[in-house]
Amino acid sequence: MSRIAVIDFETTGISISQGSRATEVAIVLMENGQPVDRYQSLMNAGVSIPPFITQLTGITNAMVAAAPPATQVMAEAARFVGDTPMVAHNAGFDRRFWQAELALAGLPAPQPFACTVLLSRRLYPDAPSHKLGMLAERFALPRNGAAHRALVDAEMAAWLLVRIQHDLRERHGVAEPDHAFLCALQTCTTKALPRFLAANGRRPVH
DNA sequence: TGCCAGGCCCTCTTTAGGGCCTT
């Protein structure tokens, strides 16, 4: 059974080294290409949210003040994920927050990450933008609510993953585009991609 | 004072620079 956890964080900024912290996390658990379970929570990391971020996400200081402590939320999230391999849109960003917030909670973060930005750049080189919202529009992905909330974005990324796996099967003949395959594909250079897909699928690209 | 990430990718590259993507 193919099992993948798609994650999205909302945060106070982009830089952990500059003190940015998570304000909300959402995880969509996918089994065989279908969402089967979800985890979502605001979290209180004890830091102030810049006005720009509140404008972007709608998450206010009052909302996180009323939320459970970040360490408690991260412990729940880690239990929810277990050792399931993970996916995120621009995974480097979410992986850094996943590792940093779990470290603050005294927990390990052994899960491997695959990235839908890298995969999208490989598979859809002609797309004018690889932003999550633009790809969701391009592929008419299901969308429940305004972007820049963790669960809405995590679900969008999950449906983008479904689309990517679908195209790998239908366009490139990859029988089982599981997490290990996605990790191998995303590290493949653009130049080597046609050869990689030809070797790992039934049909060469284009 | 003034700064303000990190990693990937492309190219007019590789002794580098700029754009993209995440909040």
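Keep in mind that this is a model prediction, so the values were computed, not measured. In what follows, every chain begins at residue 1, and chains take the letters A, B, ... in the order their sequences are listed.
- For an aromatic pair to be called close, the ring centres must be under 6.0 Å apart, and A:F181 with A:F196 satisfies this.
- Distance A:Q18 CD to B:dG6 P: 8 Å, rounded to the nearest Å.
- Rounded to an integer number of Å, the gap from CG of A:D94 to C1' of B:dT23 is 10 Å.
- Annotation: side chain to side chain donor-acceptor pair (under 3.5 Å) contacts involving residues 155-164 of chain A, sequence neighbours excluded, comprise A:R38-A:E155, A:R163-A:D167.
- Between B:dC20 and B:dT15, the two P atoms lie 25 Å apart (nearest whole Å).
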Tell me which donor-acceptor pairs under 3.5 Å the side chains of residues 22-30 of chain A have, and how far apart each pair is, sequence neighbours excluded?
from	atom 1	to	atom 2	distance (Å)
A:T23	OG1	A:E10	O	3.1
A:E24	OE1	A:R149	NE	3.0
A:E24	OE1	A:A150	N	3.0
A:E24	OE2	A:Q40	NE2	2.7
A:E24	OE2	A:R149	NE	3.3
A:E24	OE2	A:R149	NH2	2.8

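- Computed from coordinates, the A:I53 CD1 to B:dC4 P distance equals 18 Å when rounded to whole Å.
- Comparing B:dG18 with B:dC12, their C1' atoms sit 12 Å apart, to the nearest whole Å.
- A:L118 pairs by the side-chain contact (heavy atoms from CB on, under 4.5 Å) definition with A:C115, A:R121, A:Q186, not counting sequence neighbours.
- One atom, CZ of A:R95, and another, P of B:dT23, lie 16 Å apart when rounded to the nearest Å.
- Between B:dG7 and B:dG2, the distance separating the two P atoms is 28 Å to the nearest Å.
- By the 4.5 Å heavy-atom criterion applied to side chains, A:M156 and A:L161 are not counted as neighbours.
- In this structure, A:Y124 places its OH atom 21 Å from P of B:dC20, rounding to the nearest Å.
- Counting only residues at least two apart or in different chains, ring pair (Phe, Tyr, Trp, His ring centres under 6.0 Å) contacts with residues 52-71 of chain A are absent.
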Donor-acceptor contacts under 3.5 Å from residues 77-90 of chain A side chains, at least two apart:
from	atom 1	to	atom 2	distance (Å)
A:T84	OG1	A:R3	NE	3.4
A:T84	OG1	A:V81	O	2.7
A:H89	ND1	A:T116	OG1	2.7
A:H89	NE2	A:H130	O	2.8
A:H89	NE2	A:L132	N	3.2

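- Projected onto DNA chain B by closest heavy-atom contact, A:T57 and A:Q186 fall at different nucleotides, the more 5' of which corresponds to A:Q186.
- One atom, CG of A:L185, and another, P of B:dC8, lie 15 Å apart when rounded to the nearest Å.
- The stretch residues 112-121 of chain A touches DNA chain B through A:L118, A:R121, each having a heavy atom under 4.0 angstrom from the strand.
- Checking the phosphate oxygens (OP1, OP2) of B:dT22, a side-chain nitrogen or oxygen of A:H89 falls inside 4.0 Å.
- If you find the closest nucleotide of DNA chain B to A:T23 and to A:S15, the one lying nearer the 5' end belongs to A:S15.
- Of the P atoms belonging to B:dG17 and B:dT23, the separation is 29 Å, rounded to the nearest Å.
- Scanning residues 136-155 of chain A for heavy-atom distances under 4.0 Å to DNA chain B yields A:H148, A:D153.
- Across all strands shown, A:S20 has no heavy atoms under 4.0 Å from either base or sugar-phosphate atoms.
- Within residues 96-111 of chain A, the residues having any heavy atom closer than 4.0 Å to DNA chain B are, in order of number, A:R96.
- Residues that satisfy the side-chain contact (heavy atoms from CB on, under 4.5 Å) test with A:S17, not counting sequence neighbours, are A:S15.
- Take A:A180 and apply the side-chain contact (heavy atoms from CB on, under 4.5 Å) test, not counting sequence neighbours, and it matches A:D178.
- By the side-chain contact (heavy atoms from CB on, under 4.5 Å) test, A:Q72 pairs with A:P68, A:P69, A:E76, sequence neighbours left out.
- Contact of the A:L141 side chain with the A:L135 side chain is not registered, since no non-hydrogen atoms from C-beta on lie closer than 4.5 Å.
- The ring-ring contact (aromatic ring centres under 6.0 Å, His included) check on A:Y124 picks up A:F139, with sequence neighbours excluded.
- Rounded to whole angstrom, the span from the CD1 atom of A:I16 across to the P atom of B:dG6 amounts to 9 Å.
- Here A:G13 lies in heavy-atom contact (under 4.0 Å) with a base.
- Here B:dC21 presents its P atom at 15 Å from CZ of A:F93, a figure rounded to the nearest Å.
- OP1 or OP2 of B:dC4 has not a single side-chain nitrogen or oxygen of A:S17 nearer than 4.0 Å.
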